[in-house]
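Below: one structure, written as structure tokens.
Within every chain, numbering begins at 1; the chains are lettered A, B, ... in the order of the sequence lines, protein sequences first and strands thereafter. Just so you know, these numbers use all the heavy atoms, side chains as well, and skip hydrogens, waters and symmetry mates.
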Amino acid sequence: MMARWLFGMAGRRAGHYLDLVVYKAYADLKAEASRTYVNYLWWMIDPLLSLAIYYTVFAIFLQQGGDDFVFVLIVGLVFWRWYGEAIAHGAGTIVGNVGLMGQVDVPKWVFPVVCLITDTTKFACVFVVLMVVLWLGGMGWSAAVLALPLVMMVQLVLIAGAAMLVAACVPFLPDLRHVVTTLLMLQMFLSGVFFRPEAVFEGHREIFFLNPMARLINEYRVILIDGQWPSLHGLLYVAFLGVMLCMFSMWLLSRFDKTYPRLH
Amino acid sequence: MSASPVLELRNVGLAYREGRLRLFDRRRFWVLRDVSFRLFEGETLGVVGRNGAGKSTLLRLLAGIYEQDRGVIVRNGGRASLLSLDAGFAEQLTGRENAILSGILLGLRRREVESRLDEILAFSELGAFFDEPLHTYSSGMRLRLGFSVAFQVRPEILLVDEVLGVGDESFRLKSSAALRQRMDENGTVILVSHSTETVRELCDRAVWISEGATRAEGEVERVLDAYLEDEHARRGRGEVLRESGPF
């Protein structure tokens, strides 16, 4: 199955799939934008609201976090949101396209990948704002910023793997969509979105870092706030996890390629 | 018929499972039980059968959307594609954008669709509406756009379900004339219909499918006679024609 898929990708169809994914992503983004402009604005407003809430609770009420706590929060929230949104949306991509799958024979990975592209495009807008905010906030960037694209690539691979996995499983277990929302909430609390790993009891820190998002969010802060280089060993762990997830979900999607159109 | 067939079905069956992941209750409903026929290059093969005989399922199977649960499908030619009139259509996109998206979904490269946009526009007779969003279209205009795009795709095997001509009267004549021309031009076509008139007029050979199984295959007149005879017998027994199948 894997070999068949790889061969298919390398073959003459690759260009066609590229056309399909790119144009479908463009069409989805345009369709969404014309439905509601607030939708795009929401991508900016929502992290700001979360920021306000967490800042009030942690910095003001509980008197936690240092002087740079607002930046710690904003970095955590922006990169978490990219992950959380892409997976939550990705979960519904196969079930949401059953109608289309009944008309044309399309490889099913196309649907979660298109969703990943649209969510990543929206994230890109927020990311630009984040960089401006950090710059205005006087975060002196060091050469370590050069490592930022690498960390983001690793996160993209991780998101792709996780999003395709839930997309592949939801058609068989529709209730999984609700479970995914809850699990994402749980993972958010375990990823240190509003605290730094130093706050975790030292004996538990290794377990804390088993969570790939906890690692990534820490690396982002190390680069953007501390101006240090990220840990290569940590990135390799997340990249390995992401690649394994991608391969497994691709196998699932290709294994059940002809089954999905028959599930109603 | 000494040439080898481009497509051959041998005792093909396809079942729907009830429920999703019921591991212990695998009740199956066989939509197709035992379908066998051959398709030769350049011919128009008519598939007749009453509603619910499994014709739509058969087309999806031939298009590679479904996979059979038993039997063998031998493909010696290229891709078979359904003539889909609204594949991937989105309300907020313009006619032009929907044409490109649908064309890509139906198997064309983006530059191929873009180079044929003039033809699509001309055939669809949409004029300035071509650059308006789809939600401003009437149902007739949608069909015109859909047909004009689908007609630009030339799969090796074209699968046509039931309706030949679509839209209002004048466009119906135009679209069915275009399809007839393609059939005459030696296109390989499978035409599914419950209209014996259409099959008699257009097809080179015919297959009769009843309750998911092939009952007859071959010369159009012979197959249609058998089909009609059975229909009369059923009516004589007081069986009412089912209006809709499992879909």
Side-chain angles (χ1 to χ4, degrees), chain A residues 1 4 8 11-37 39 94-108 110-111 114 118 168-176 254-264, chain B residues 14-23 31 56-57 59-69 79-94 96-114 133-135 146 150 153 155 159 161 246-247:
Chain A
M1 275 301 171
R4 200 181 79 177
R12 65 191 171 86
R13 284 190 181 170
H16 179 241
Y17 292 155
L18 186 69
D19 279 359
L20 177 57
V21 166
V22 170
Y23 202 81
K24 182 96 171 72
Y26 158 77
D28 285 358
L29 279 169
K30 201 198 149 188
E32 199 178 322
S34 56
R35 257 201 308 273
T36 156
Y37 289 104
N39 218 326
I94 302 276
V95 277
N97 282 292
V98 166
L100 184 55
M101 291 187 299
Q103 289 178 300
V104 284
D105 177 27
V106 188
K108 310 305 175 275
V110 164
F111 300 111
V114 165
T118 58
C169 296
V170 164
F172 297 104
L173 297 159
D175 295 337
L176 193 64
S254 133
R255 164 73 182 76
F256 294 109
D257 190 68
K258 309 293 176 192
T259 310
Y260 293 121
R262 286 163 67 173
L263 297 170
H264 289 287
Chain B
L14 185 144
Y16 283 97
R17 274 194 194 88
E18 315 235 325
R20 282 162 203 267
L21 255 193
R22 287 194 204 150
L23 296 173
V31 184
S56 308
T57 304
L59 283 184
R60 286 191 176 150
L61 186 63
L62 296 175
I65 294 165
Y66 294 165
E67 206 162 56
Q68 73 272 23
D69 294 308
R79 241 174 103 126
S81 294
L82 277 169
L83 183 80
S84 297
L85 298 185
D86 59 352
F89 273 14
E91 295 294 320
Q92 288 81 13
L93 301 181
T94 65
R96 186 182 297 273
E97 288 163 336
N98 271 308
I100 298 173
L101 182 57
S102 199
I104 295 174
L105 277 166
L106 294 174
L108 294 176
R109 293 298 305 269
R110 182 176 174 174
R111 56 168 185 274
E112 288 176 313
V113 200
E114 281 172 342
L134 194 71
H135 63 75
V153 185
L159 309 170
D161 195 355
F247 310 103

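- Contact of L108(B) with chain A is made through the backbone alone, with heavy-atom distances under 4.5 Å.
- Ranked by non-hydrogen atom pairs under 4.5 Å with chain A, the options A63(B), G107(B), G88(B) are led by G107(B).
- In terms of heavy-atom pairs under 4.5 Å with chain A, the best-connected choice from P133(B), S81(B), A90(B), A15(B) is A15(B).
- Contact annotation for L20(A): both backbone and side-chain heavy atoms come within less than 4.5 Å of a heavy atom of chain B.
- The line from CG of D69(B) to NZ of K258(A) is 13.5 Å long, rounded to the nearest 0.5 Å.
- For the options L82(B), L59(B), I104(B), L14(B), heavy-atom pairs under 4.5 Å to chain A are most numerous at I104(B).
- The CZ atom of R60(B) sits 12.5 Å away from atom CG of D105(A), with the distance rounded to the nearest 0.5 Å.
- D86(B) has its side chain within reach of Q103(A): a pair of non-hydrogen atoms, C-beta onward, lies under 4.5 Å apart.
- Put simply, CZ on R109(B) and CG on L18(A) are 7.5 Å apart, with the number rounded to the nearest 0.5 Å.
- Counting heavy atoms from C-beta outward, M101(A) and I65(B) have side chains that stay 4.5 Å or more apart.
- Residues L105(B) and L100(A) come closest through the heavy atom pair CD1-CD1, 3.9 Å.
- In this structure, CG in D28(A) is found 8.0 Å from CG in L93(B), a value given to the nearest 0.5 Å.
- Proximity to chain A (any heavy atom under 4.5 Å) is shown, for A87(B), by both the backbone and the side chain.
- For chain B, the nearby parts of V104(A) are the backbone and the side chain; heavy atoms of each come within less than 4.5 Å.
- L263(A) CG to Y16(B) OH: the interatomic distance, rounded to the nearest 0.5 Å, is 10.0 Å.
- Distance check, rounded to the nearest 0.5 Å: NE2 of H16(A) to CZ of R110(B) gives 12.5 Å.
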